[in-house]
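Since the structure comes first, as structure tokens, the remarks are kept for the end.
Predicted model, so just to flag it, every value in this text is computed and none were measured. For the numbers below, each heavy atom of this structure counts, side chains included, while hydrogens, waters and symmetry mates do not. Numbers restart at 1 for each chain; the letters A, B, ... are given by sequence-line order, proteins then strands.
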Protein chains: 2
Amino acid sequence: MEEYKSKKVLTISVVSELTYLSERQIRYYEERKLIFPERTKGGTRRYSFDDIEKLIEIAQKVEKGIQTFDIRQEEKKKERENEWHRKMLQGQLNAQFGYKR
Amino acid sequence: MEEYKSKKVLTISVVSELTYLSERQIRYYEERKLIFPERTKGGTRRYSFDDIEKLIEIAQKVEKGIQTFDIRQEEKKKERENEWHRKMLQGQLNAQFGYKR
DNA sequence: CGTGTAAGGAATTCTGACACG
DNA sequence: CGTGTAAGGAATTCTGACACG
């Protein structure tokens with residue numbers, strides 16, 4: 001449904017306007033592996049609305065004094081937890097209904 | 001809520017990809033007063049997701065052989081009808097509850 | 001009428017680097 | 001570490017025009 005938000009369609013200038021961050025900051029957060037824009041054939045970045053939300057969160061943390069490295073670690077931890085929950089749920093289902101074959 | 005769709009944030013190249021229309025066609029439909037992108041200070045166009053939907057409708061009509069002039073007339077007619085309904089509703093409300101003062 | 005295209009210029013974006021603190 | 005900035009080049013976009021049918 002709301003694929004708008006995850007579609008990579010925004011230029012860095014638009015993202016800069018919407019987040020009030022400088023293009024330098026946006027590119028730096030990418031360098032630190034916090035966001036992952038796509039690229040056109042020509043090499044220009046393309047962001048999504050989800051990226052904008054994420055950038056705003058990042059900016060708030062940076063303002064609090066949290067370092068990008070730690071933000072990255074936290075992010076990775078969340079991913080691992082999600083992975084764990086996903087597997088857990090899958091295990092539950094398999095236990096109850098068995099594997100498809 | 002869904003302000004995403006009306007926000008003018010897309011470049012013409014992205015719109016071209018999403019609509020499968022050429023940039024030439026997109027600019028031409030603007031020339032014919034069918035769509036109204038915003039402009040940056042520098043003069044580059046900015047479109048919304050709503051514009052994309054509108055462009056797809058336009059393209060379908062053009063394929064059917066309808067001329068842009070007629071599409072424009074139909075569009076204006078709709079606007080007048082909406083205006084009429086709006087005033088009608090307002091009149092109903094005023095008749096029941098009187099004017100604010 | 002609707003669309004393609006080559007042309008020349010301007011706006012936008014990119015990278016790597018130096019600076020500061 | 002996080003961010004600003006000047007530098008040079010490449011990608012993107014713009015307009016007005018000519019072409020075709």
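A donor-acceptor contact shorter than 3.5 Å is absent between the side chain of B:Gln96 and the backbone of B:Leu93.
The nearest whole Å value for the distance from the CD atom in A:Glu30 to the P atom in C:dT15 is 7 Å. A:Ile66 has its CD1 atom 11 Å from the P atom of D:dG2, to the nearest Å. Look at CZ on A:Arg45: it is 13 Å from P on D:dT12, rounded to the nearest Å. In this structure, CD1 of B:Ile12 is placed 9 Å from C1' of D:dC14, rounded to the nearest angstrom. Atom-to-atom, CZ of A:Arg46 to P of C:dT13 comes out at 8 Å; the value is rounded to the nearest Å. Rounded to whole Å, atom P of C:dT3 lies 7 Å from atom OH of B:Tyr28. Taking atom CD of B:Glu38 as the reference point, atom P of D:dC14 lies 14 Å away to the nearest angstrom. In this structure, the CG atom of A:Leu10 is 16 Å from the P atom of D:dT12, given to the nearest Å.
At D:dT13, one or more side-chain N or O atoms of B:Ser13 fall inside 4.0 Å of OP1 or OP2 (strictly under the cut-off). Residue B:Thr11 places none of its side-chain N or O atoms closer than 4.0 Å to OP1 or OP2 of C:dT12. At C:dT3, one or more side-chain N or O atoms of B:Tyr29 fall inside 4.0 Å of OP1 or OP2 (strictly under the cut-off). For D:dG2, one of the phosphate oxygens OP1 or OP2 lies less than 4.0 angstrom from a side-chain nitrogen or oxygen of A:Thr68. Between B:Ser22 and the phosphate of C:dG4, there is a side-chain N or O to OP1/OP2 separation shorter than 4.0 Å.
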Stepwise ring-ring contact (aromatic ring centres under 6.0 Å, His included) test for A:Phe49 and B:Tyr4
CA-CA 8 Å; A:Phe49 280 102; B:Tyr4 294 106; 4.5 Å; yes
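With a cut-off of 3.5 Å on both Watson-Crick or G-U wobble distances, the partner of D:dA10 is given as C:dT12. Applying the Watson-Crick and G-U wobble criteria (two distances, each under 3.5 Å), D:dG2 pairs with C:dC20.
A donor-acceptor contact under 3.5 angstrom links the side-chain atoms of B:Arg24 to the base of C:dT5.
A side chain to side chain contact (heavy atoms under 4.5 Å, CB included) with B:Thr19 is found for exactly one of B:Ile58, B:Val14, B:Ile52, namely B:Ile52.
Along DNA chain C, the nucleotide closest to B:Val62 and the one closest to A:Glu23 are compared, and the more 5′ of them pairs with B:Val62.
Within a 6.0 Å radius of CZ in B:Phe36, other residues, nucleotides and ligands contribute more than 12 heavy atoms. Counted within 6.0 Å of CD on B:Gln92, heavy atoms from surrounding residues, nucleotides or ligands total 12 or fewer; the atom is thus considered open.
Side-chain proximity of A:Thr44 to the nucleotides C:dT15, D:dT12, D:dT15 is greatest for D:dT12.
Among the heavy atoms of the strands lying under 4.0 Å from A:Arg39 are primed sugar atoms or P, OP1, OP2 only; no base atom is included.
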